[in-house]
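Read through the structure below, which is laid out as structure tokens, and then see the notes.
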Amino acid sequence: MSIKVRFAPSPTGFLHVGGARTALFNYLFAKSHKGQFVLRIEDTDQERHQENSIISILQNLKWLGLDWDEGPFLSSKNKLIYKGSQKSYRQSERLAIYQKQAEDLIQKGEAYYCFLSQEEETQIRNKIIEEGKTYIPSSPYRNQSLEESQRRIKNGEKACIRFKTSQVNKNYTLNDLVRGKVTFASEMVGDFVILRSDGYPVYSFSCAIDDALMKITHIFRGEEHLPNTLKQMLIHEALNFPTPQTGHLSIILGKDKKKLSKRSGAQSIEYFKNEGYLASALINFLALLGWNPGTEQEYFSKKELINTFSKEGLNLSAAVFDENKLLWLNKEHMKTLDNKELWGDILPFLEQEKIAIDKSWREINKILESIRSGFKTFKQSVSLLKNFSNCSEDRFIISNKAKEIFNWPKSIQVVTKWKTSLENLSKEYMSLEDFKNIQKTIQTEVKVKSKEFFMPLRCALVGEPEGIEIKILVTLVDRKELIERADKVLKNFKS
RNA sequence: GUUCCCUUCGUCUAGAGGCCUAGGACACCACCCUUUCACGGUGAAAACACGGGUUCAAAUCCCGUAGGGAACGCCA
């Protein structure tokens, strides 16, 4: 049997790391079994639905490299095009399907019309919860005759459709792909709603039907869906549909050990993209959050993940999202890029900061070669690279840490001598030899140790006490620029 | 409240009764490299939630306790 999985986000906002990880595990499971990956949009909540988030979710998934075989795709004009056996992969465009199935269930006596208004139900529920009891959905219309119901609907009364859950207390055991056997009692869910009074289906219903219609065989989803599985089993049973196998993933926690939320910091895929992380690193990191290969390997390319993935390595307990490790993995993934690729990835970030490095590829290549070991993200690498652009007036900012260093006894003397040496230099770019001579002279004249020489000098070069190999910098930035930077320091710090 | 799920270094995790004096990775710290920051290298420190069983033997099996989480919607 060929494997088919799906990822079914609801377009209520950005794609989050939690959702991305769910998509990833589905993707890895499918690809490692040479199966298919389906994408479906669950937009049955008209209130929370945000049209533009569909596009952003699709773009983010694509950026992550989680290519799907079936579902909605973006045309060049950002219009949705559907590919696959179904006419549409948006639930809001499949309403007739759910309505038909719901009516079939009514005919079979497995569901019924309920005329309880939402307000009435909320009241009943609140009262029961206040009493400290468990609310189990039920309805006084359970045994109303179909003729009577149809008559009321004809009269314009609004009704939702409820599933007629067996009152015989039957146990349902689901064999969870990651948790093993989990047993639920059918009474737990009560007579839950499958179709709202406005004709829109409720999640469990549309989901169960679509999974069956799209011939989904396996589902990995968040732990919070565990109780929903029971509803879907009941629906599948009533409709004579096969039930796909489900696996419930543990949740991702923030630093505060609470479920990852906007408050616990960065969490949208967009954020990591904008911060200059590599998609392959993010995927690598997400995969390791709640899954392990059973070996001590930590670095994985997407291909390696597909080859290594097995659901047996999935973990039960919640995991804390640790940005430090992501950063490290990103550094490792960046190492695998060659200079051309690296430069191509960094360029948009330079442009964003309006930094132009007006140099030949030969020079850029040389710069990258010398400083790329310090790169952690594309965005962060900009802060190192900006030192090579000629825009010192606006760009050259003296940090507080640098100011402290200029307060060292001999710092200003060093910078003064440095400026003089530059002025005496007759070429546009100094050689390493020139620099060594200047260093020797200054250190002897001012009588400073190397640290007392290098630190103020770095601050006079980049405005900060850290960041870049000085010997590289001085040979790749022209004399005029170097003088301007030293000048700016001296103007601000008279000794 | 009810039901379900989870619990090994700060964090991600290895661990399927003896290979455990509990392994790896990130972070942290120290040292080395470097006449500077960083990069790199080496090393140190750091955990089986607690209490009972079962067993010759328990991080591993069972039962409790505590803690954390999820669900209980005409949200997904």
Side-chain angles (χ1 to χ4, degrees), chain A residues 8-12 42-45 47-49 91 114 116-118 121-122 125 128-137 158-162 176 179 182-185 187-190 192-204 206-207 221-228 230 248 250-251 253 255 257-259 285 288-299 313 315-329 331 370-375 384 401 436 439-440 443 448-459 462 464-471:
Chain A
S10 112
T12 53
E42 309 218 320
D43 56 346
T44 53
D45 183 348
E47 278 177 37
R48 296 204 307 151
H49 166 244
Q91 292 190 326
C114 167
L116 215 57
S117 73
Q118 278 187 63
E121 198 192 354
T122 308
R125 191 176 60 232
I128 290 175
I129 290 171
E130 261 172 50
E131 286 167 5
K133 291 180 190 154
T134 307
Y135 174 69
I136 298 169
K158 288 272 176 208
C160 68
I161 298 177
R162 287 182 184 275
D176 193 271
R179 274 155 217 276
V182 182
T183 306
F184 289 106
E187 57 162 16
M188 212 181 114
V189 291
F192 59 94
V193 173
I194 54 176
L195 207 72
R196 290 177 247 218
S197 39
D198 64 3
Y200 272 71
V202 169
Y203 169 76
S204 302
S206 49
C207 185
R221 73 215 304 198
E223 174 177 62
E224 66 273 17
H225 288 295
L226 199 48
N228 283 331
L230 174 55
H248 291 87
S250 56
I251 52 168
L253 269 25
K255 256 197 155 57
K257 299 223 178 189
K258 296 262 163 62
K259 193 175 178 183
F285 174 72
L288 256 23
L289 217 55
W291 174 80
N292 81 82
T295 63
E296 285 178 354
Q297 186 176 352
E298 303 263 349
Y299 178 96
N315 233 311
L316 292 310
S317 49
V320 175
F321 190 96
D322 177 17
E323 219 175 320
N324 269 327
K325 191 146 185 174
L326 205 209
L327 206 56
W328 170 74
L329 272 170
K331 212 165 74 186
S370 350
I371 68 168
R372 62 174 288 168
S373 65
F375 291 179
L384 299 180
K401 279 185 189 166
K436 279 185 176 169
Q439 178 192 351
K440 215 174 187 177
Q443 281 198 245
V448 282
K449 287 185 192 139
S450 10
K451 189 167 183 172
E452 293 167 291
F453 168 77
F454 278 108
M455 293 298 272
L457 188 59
R458 165 177 284 115
C459 293
V462 304
E464 286 190 58
E466 58 190 31
I468 208 157
E469 179 73 49
I470 290 178
K471 286 169 189 165

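Order of the sequence lines fixes the chain letters, A, B, ..., with proteins taken first and strands second; residue numbering starts at 1 for each chain. All values derive from a computational prediction rather than experimental measurement.
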Of all residues at least two apart in sequence or in a different chain, which pass the salt bridge (Lys or Arg N to Asp or Glu O under 4.0 Å) check with A:Arg179?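 Once residues adjacent in sequence are excluded, the partners of A:Arg179 under the salt bridge (Lys or Arg N to Asp or Glu O under 4.0 Å) criterion are A:Glu223.
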
Residues in salt bridge (Lys or Arg N to Asp or Glu O under 4.0 Å) with A:Glu298, at least two apart?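 Partners of A:Glu298 by the salt bridge (Lys or Arg N to Asp or Glu O under 4.0 Å) criterion, ordered by chain and then number, come out as A:Lys325.
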
Want to settle it: does A:Gly294 or A:Arg125 sit nearer the 5' end of RNA chain B, counting the closest nucleotide to each? A:Gly294

Map A:Gly374 and A:Trp328 onto RNA chain B by nearest heavy atom, then report which one ends up closer to the 5' terminus.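 Looking at the nearest nucleotide for each, A:Trp328 comes out on the 5' side.
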
Mind checking [X] for me? I need base, sugar-phosphate or nothing, with any heavy atom below 4.0 Å counting as a touch.
X        : value
A:Glu42  : sugar-phosphate
A:Tyr135 : sugar-phosphate
A:Ile251 : sugar-phosphate
A:Ser250 : nothing
A:His225 : base
A:Gly222 : nothing

Separation of the [atom1] atoms in [N] and [M], to the nearest angstrom:
N      : M      : atom1 : value
B:rC63 : B:rU54 : P     : 15 Å
B:rG68 : B:rA16 : P     : 30 Å
B:rA45 : B:rG10 : P     : 15 Å
B:rG51 : B:rG17 : P     : 24 Å
B:rC9  : B:rG23 : C1'   : 12 Å
B:rC20 : B:rC31 : P     : 32 Å
B:rA46 : B:rC29 : C1'   : 11 Å
B:rU8  : B:rA22 : C1'   : 8 Å

Nucleotide N/O to protein N/O under 3.5 Å, stretch nucleotides 2-4 of chain B:
{"unit_1": "B:rU2", "atom_1": "O4'", "unit_2": "A:Thr134", "atom_2": "OG1", "d": "3.4"}

With a 3.5 Å cut-off and just heavy-atom distances, do the side chain of A:Ser197 and the base of B:rC74 make a donor-acceptor pair?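 Result: at least one qualifying N/O pair found.
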
What is the pairing partner of B:rA25, taking Watson-Crick or G-U wobble pairs with both distances under 3.5 Å in any strand?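 Paired with B:rU11.
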
Checking side chain to side chain contact (heavy atoms under 4.5 Å, CB included) between A:Arg162 and each of A:Ile194, A:Val193, A:Val202, which is the one that passes? A:Val193

[X] has an atom [atom1]; how far is it from atom [atom2] of [N], in whole Å?
X        : N      : atom1 : atom2 : result
A:Leu253 : B:rC5  : CG    : P     : 19 Å
A:Ile194 : B:rA76 : CD1   : P     : 14 Å
A:Asn324 : B:rC28 : CG    : P     : 7 Å
A:Glu296 : B:rA14 : CD    : P     : 12 Å
A:Glu223 : B:rC72 : CD    : P     : 13 Å
A:Trp291 : B:rG15 : CH2   : P     : 12 Å

Indicate yes or no: at least one non-hydrogen side-chain atom of [X] is less than 4.5 angstrom from one of [Y].
X        : Y        : answer
A:Lys401 : A:Glu464 : no
A:Ser250 : A:Ser317 : no
A:Ile470 : A:Leu457 : yes

Under 3.5 Å donor-acceptor, A:Glu42 side chain and A:Pro9 backbone: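 Looks like no, no N/O pair under 3.5 Å.
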
Is A:Asn315 reaching over with its side chain to a backbone N or O of A:Asn292, donor-acceptor style, under 3.5 angstrom?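 Side chain of A:Asn315 to backbone of A:Asn292: no pair is present.
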
Could you list all N or O pairs between the protein and nucleotides 32-36 of chain B that sit under 3.5 Å apart?
{"unit_1": "B:rU35", "atom_1": "O2'", "unit_2": "A:Ser450", "atom_2": "OG", "d": "2.2"}
{"unit_1": "B:rU35", "atom_1": "O2", "unit_2": "A:Ser450", "atom_2": "OG", "d": "3.3"}
{"unit_1": "B:rU35", "atom_1": "N3", "unit_2": "A:Gln439", "atom_2": "NE2", "d": "3.4"}
{"unit_1": "B:rU36", "atom_1": "O2", "unit_2": "A:Arg458", "atom_2": "NH1", "d": "2.6"}
{"unit_1": "B:rU36", "atom_1": "O2", "unit_2": "A:Arg458", "atom_2": "NH2", "d": "3.1"}
{"unit_1": "B:rU36", "atom_1": "O4", "unit_2": "A:Glu469", "atom_2": "OE2", "d": "2.4"}

Selection from [options] that lies nearest to any side-chain heavy atom of [X]:
X        : options                : result
A:Lys325 : B:rC74, B:rA25, B:rA76 : B:rA25
A:Thr44  : B:rC12, B:rC5, B:rA76  : B:rA76
A:Leu289 : B:rC12, B:rC74, B:rA70 : B:rC12

So which protein nitrogen or oxygen atoms get under 3.5 Å of nucleotides 7-9 of chain B's nitrogens or oxygens?
none

Distances under 3.5 Å only, N/O to N/O: pair up the protein atoms with those of nucleotides 64-67 of chain B.
none

I want to check one thing: is the phosphate of B:rU13, taken as OP1 and OP2, less than 4.0 Å away from some side-chain N or O of A:Asn292? no

